[in-house]
Amino acid sequence: MDSLDSVFTLIKTFAIILAVVVLYNLGALSFTERVRDYATLRVLGFHHGELRSLASRENITTTLIGWLAGIPAGWWFLGQYVGLFSTDRASYLPSISTASLAIASAITIVFAMTATLLLTRRIKGIDMTSALKGVE
């Protein structure tokens, strides 16, 4: 079991890196797809703060849904993964402590909010003319 600790540590490290990359890329994709919407709302009289608030609420909602869906999906994945190591001599059962769930949740929420802050700052830099070109 001690030999597997380094493998589990490596998997945890890559999971954190993957979470950071996925959260930022999803936020960037969402922002890119909504640039025209933000420009339209800006032309209609919305202020930068209101647009940032709207983008933040959207990202928080997406994060909450992903977090809620990710917990059972992670539990299922852990069961499948731990099952690969079970043999006739040793049987392993999936186990998630409250502390590890809290740490994983905190990492997810902190990086999602960081990505939201980084991306909503870009609202001020939207070029209204080019964003609204081609609107039919």
Minimum heavy-atom distance between S105 and W67, given as atom pair plus value = OG-NE1, 2.7 Å
If Ile, Leu, Val, Met, Phe, Trp and Tyr residues are connected whenever their side-chain heavy atoms lie under 4.5 Å apart, and connections chain through other members, are I109 and I107 in the same group?
-> no
Locate the shortest heavy-atom distance separating R42 from H47; write the atom from each residue and the value.
-> NH1-CA, 3.9 Å
Report yes or no: do V82 and F77 belong to one cluster of Ile/Leu/Val/Met/Phe/Trp/Tyr joined by side chain heavy-atom distances under 4.5 Å?
-> yes
Taking the side chain as every heavy atom from C-beta outward, state whether L41 and L51 have any pair of such atoms under 4.5 Å apart.
-> yes
Are I71 and Y81 co-members of a hydrophobic cluster defined by side-chain heavy atoms under 4.5 Å apart?
-> yes
Hydrophobic cluster membership, I11 vs W75, 4.5 Å side-chain cutoff = yes
Are more than 12 heavy atoms from other residues, nucleotides or ligands located less than 6.0 Å from atom CZ of F111?
-> no
Is there a path from L84 to I96 through hydrophobic residues (I, L, V, M, F, W, Y) whose side chains come within less than 4.5 Å of each other?
-> yes
Check: T9 main-chain N/O paired with T13 side-chain donor or acceptor under 3.5 Å | yes
Nearest heavy-atom approach of R52 to R121 is NH2-CG, 3.8 Å
Go through the structure and list residues passing salt bridge (charged side-chain N to carboxylate O under 4.0 Å, His left out) with E50, not counting sequence neighbours.
-> none
Heavy-atom nearest pair, L119 first then F31, reads O-CE1, 3.7 Å
Main-chain N/O of G49 paired to S53 side chain as donor or acceptor, under 3.5 Å | no
Can you check whether S30 reaches N59 side chain to side chain, under 4.5 Å on heavy atoms?
-> yes
Going by heavy atoms in the side chains, are I60 and M113 under 4.5 Å from each other?
-> yes
